[in-house]
Each structure stands twice: as structure tokens, then as C-alpha cells.
Amino acid sequence: MENSNQTFWDNQYKADILGWDLGTISPPIKSHIDTLKNKNIRILIPGCGNSYEAEYLLEQEFTNITIIDIAPVLVEKLKIKFRNSPAINIILGDFFEHQGEYDLIIEQTFFCALLPEMREDYVSKMHQLLAKEGTIAGLLFNRIFESNPPFGGSQKEYEILFKDTFNFIKMEECQNSVAPRSGTELWIEFQKK
């Protein structure tokens, strides 16, 4: 685990500097979850933050949710928040060292938090963690930021990055983003090749 990265994110949570935190599940992810019929699929949320997605999955009676984050302060809060929820497995750890197999990985502000030089590793690790025909679903920024993180990107960049290992089910401008992110997000659904 990279200590400087862990220290950075732990300090963000200690100081409550959570500019990326919407305070609720993002509408596009909520809409996608509402389309999922099998409540027993294995779901991973990497860089889970405050885990509003996991909360919503629990409300919808999903049974197999794993959330992982590198920030110890946050993970302790999540253990308290979800203490009566056996359907959630909470892991303090580095996503890139995580082992498991999942049917769905939810992408919500994790990719954009990583240094751009880690993006190929991200794609490789996502591919490794997904079961046959497993999918990544979520949001990627379609814009560049002047200060980082978040680190932005473009649809063209993502096409190049993911094309060898994933089939693109959807990659389109998101129509139901929260107002501050309107016009700057892509909705993605990528299936493991």
C-alpha cells in the first residue's frame, strides 16, 4: 500500500475536505441499480468514500456488496455505519492489491482520484477482478480540471484505454447528472472481453 496516497486520503477525511462528496447516491448510478434484477450479484465499489451507493444497494436488498477504501479514518466510520449489515464486506486496503471476483464494479469518482499514470493499471485490475462477462458501470469525467485531484479525461482517451480488454455497452454523455456536473460526465457500461 502506498503510504503517501493513504495519508493524503486519510487527511481529506479527517479534515472533512470532501468536495467530491454529493451527500447522496448520484442519480445515474441509482437509475442503473434500479435496472438490476439479480439481487445476489457480487458487487464491488472501489475507492468507496461514504458509500451512498452501498447504502442504496442495501435498501434495494442486494446481498453481496464489497466496499474498499485506502483511508483508515473513513473505513472506521463505515464499519460503524454498516455494523448491522451482513450483506456488506468493508475492506481497508489498496484496490490494486485486492483479490476477488465480481459481477459488477461500480465506478464513482475512483478513477478520477488516481494519478493518470495509474490508469492502465486500473484497467488491468478491473479486468482481473471481474468475472466472465462482468461489467464496470458508472461515471467518468469528460473534462479537464485545473487543479487535481480529480483528474479529468475525455471519451477518446477512455476508448483507447479500455478498447483492448472491454466491450463498450455504453459510453455516452450522462443525461441525469447532478446539476454541478451536468455536461461533464460520461455514463459508462463496459463488459469484460
Side-chain angles (χ1 to χ4, degrees), residues 1-2 5-6 9 20 25-26 28-49 51 53-54 57 62 64-70 89-145 148-177 181 184-193:
M1 189 178 297
E2 185 183 344
N5 198 22
Q6 182 179 37
W9 289 108
W20 67 88
I25 186 171
S26 77
I29 292 176
K30 180 181 182 292
S31 296
H32 183 69
I33 290 169
D34 290 343
T35 69
L36 302 174
K37 305 287 181 246
N38 181 353
K39 304 290 186 179
N40 300 313
I41 60 171
R42 298 161 297 176
I43 301 171
L44 174 66
I45 307 172
C48 64
S51 294
E53 299 79 18
L57 287 163
F62 283 83
N64 194 341
I65 307 156
T66 299
I67 58 179
I68 183 170
D69 205 285
I70 202 167
N89 177 26
I90 302 166
I91 298 171
L92 169 63
D94 184 337
F95 165 78
F96 294 98
E97 295 174 9
H98 181 61
Q99 298 300 314
E101 187 174 69
Y102 301 93
D103 304 299
L104 170 64
I105 301 178
I106 295 176
E107 170 52 55
Q108 169 63 12
T109 66
F110 177 57
F111 179 88
C112 69
L114 299 170
L115 295 169
E117 53 266 28
M118 298 174 76
R119 290 182 172 180
E120 286 182 14
D121 293 338
Y122 168 99
V123 172
S124 175
K125 188 64 179 180
M126 285 288 199
H127 191 268
Q128 178 197 333
L129 289 170
L130 283 166
K132 188 176 184 208
E133 298 182 355
T135 59
I136 304 170
L139 298 160
L140 294 176
F141 279 115
N142 192 25
R143 63 166 288 197
I144 302 302
F145 293 91
N148 313 110
F151 297 92
S154 69
Q155 182 166 345
K156 187 175 185 105
E157 176 189 350
Y158 305 142
E159 286 169 356
I160 293 165
L161 196 57
F162 287 92
K163 69 179 169 49
D164 292 337
T165 48
F166 287 89
N167 292 314
F168 302 149
I169 300 167
K170 284 188 182 165
M171 183 165 32
E172 59 199 22
E173 185 176 322
C174 194
Q175 299 304 310
N176 58 341
S177 298
R181 297 181 186 171
T184 67
E185 291 183 312
L186 296 172
W187 174 257
I188 62 159
E189 290 174 46
F190 298 159
Q191 186 174 53
K192 177 177 177 171
K193 282 187 179 177

List for me each residue that meets side-chain hydrogen bond (donor to acceptor under 3.5 Å, both in side chains) alongside [X], sequence neighbours excluded, and say none if there are none.
| X | result |
| --- | --- |
| Ser124 | none |
| Asn89 | none |
| Thr66 | none |
| Gln175 | none |

According to side chain to side chain contact (heavy atoms under 4.5 Å, CB included), who are the partners of Glu101, at least two apart in sequence or on a separate chain?
Arg42, Ala131

Once side chain to side chain contact (heavy atoms under 4.5 Å, CB included) is applied, do any residues pair with Thr184, and if so which ones, sequence neighbours excluded?
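Partners of Thr184 under the side chain to side chain contact (heavy atoms under 4.5 Å, CB included) test: Phe141, Arg143, Arg181.
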
Could you name each residue pair satisfying salt bridge (charged side-chain N to carboxylate O under 4.0 Å, His left out) that touches residues 117-131, not counting sequence neighbours?
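Sorted pair list: Arg119-Glu157.
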
Using the ring pair (Phe, Tyr, Trp, His ring centres under 6.0 Å) criterion, which residues pair with Phe111? Sequence neighbours excluded.
Tyr122, Tyr158

Test of understanding: with ring pair (Phe, Tyr, Trp, His ring centres under 6.0 Å), list the residues that count as partners of Phe62, not counting sequence neighbours.
none

Pick out which of Ile67, Ile65, Leu44, Leu57 makes a side chain to side chain contact (heavy atoms under 4.5 Å, CB included) with Ile106.
Leu57

Less than 3.5 Å apart, any donor N or O on the side chain of Glu189 or Trp187 sitting next to an acceptor on the other?
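A pair is found: one side chain offers a donor N or O, the other an acceptor, under 3.5 Å apart.
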
Please tabulate, for the side chains in residues 163-172, all donor-acceptor contacts under 3.5 angstrom to protein atoms that are two or more places apart in sequence or on a different chain.
none

Nearest 0.5 angstrom please: Tyr102 OH to Met126 CE, how far?
11.5 Å

